[in-house]
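Positions are given from 1, in the same order as the sequence printed here.
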Amino acid sequence: MMISLSVKNVPAELAERLRARAERNRRSLQRELLAILEAAADERGTHPAVLPPKDKISIEELAARARKLFPQGTESSVAYIREMRDTR
């Protein structure tokens with residue numbers, strides 16, 4: 001049996017964020033709201049609908065982020081790999 005629910009007095013900014021989320025997930029607003037409700041009712045709280053959407057970035061952006069985090073670079077992994085190989 002299906003039941004209709006209604007949410008009143010939703011702030012315009014929240015409604016827009018929900019519409020944007022639905023678009024990112026390629027769902028209608030109605031289906032997105034249903035997914036959110038299903039996730040909220042899931043006792044474990046691990047339903048995929050509550051997980052934030054994964055940001056997609058290019059390899060160039062990833063490299064730029066790495067350079068920003070490690071401006072001097074990182075030490076070479078060659079010695080570590082050789083050590084691991086030699087201990088076999």
Side-chain angles (χ1 to χ4, degrees):
M1 177 169 114
M2 302 295 266
I3 297 173
S4 293
L5 301 174
S6 175
V7 179
K8 298 176 183 169
N9 301 320
V10 176
E13 191 268 332
L14 175 58
E16 186 54 41
R17 287 182 12 227
L18 288 167
R19 282 188 197 98
R21 177 181 166 148
E23 188 175 325
R24 281 192 310 272
N25 291 324
R26 297 181 180 179
R27 296 180 182 143
S28 67
L29 179 58
Q30 185 68 31
R31 182 63 189 111
E32 187 68 20
L33 293 171
L34 184 57
I36 292 169
L37 289 171
E38 287 173 344
D42 184 2
E43 291 181 18
R44 293 165 295 167
T46 57
H47 194 282
V50 296
L51 300 175
K54 293 184 172 134
D55 292 335
K56 294 180 181 178
I57 63 171
S58 68
I59 191 69
E60 291 82 13
E61 175 62 23
L62 180 61
R65 289 182 185 185
R67 282 191 297 275
K68 190 174 183 181
L69 287 171
F70 306 102
Q72 278 75 36
T74 59
E75 62 183 74
S76 173
S77 59
V78 173
Y80 177 74
I81 292 170
R82 282 187 181 143
E83 182 182 330
M84 286 181 57
R85 184 191 59 209
D86 293 344
T87 59
R88 292 185 203 175

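With rounding to the nearest 0.5 Å, the separation of CG in L34 from CG in L5 is 9.5 Å. If you take CZ on R17 and CD on E13, they are separated by 4.5 Å, rounding to the nearest 0.5 Å. Atoms CZ and CD, on R31 and E38 in that order, are 5.0 Å from each other to the nearest 0.5 Å.
Nearest heavy atoms, P71 versus K68: CD-O, 3.7 Å. The minimum heavy-atom distance between S28 and A22, with the atom names listed, is O-CB, 3.8 Å. Between R27 and E32, the shortest heavy-atom contact is NH1-OE1, 2.8 Å.
Here R19 does not pair with E23 in a salt bridge; the nearest charged N to carboxylate O distance is not below 4.0 Å.
For L62, the CG atom sits in a packed shell: over 12 heavy atoms of surrounding residues, nucleotides or ligands are nearer than 6.0 Å.
Residues L33 and V7 form no side-chain contact, since every pair of their non-hydrogen atoms from C-beta on lies 4.5 Å or further apart.
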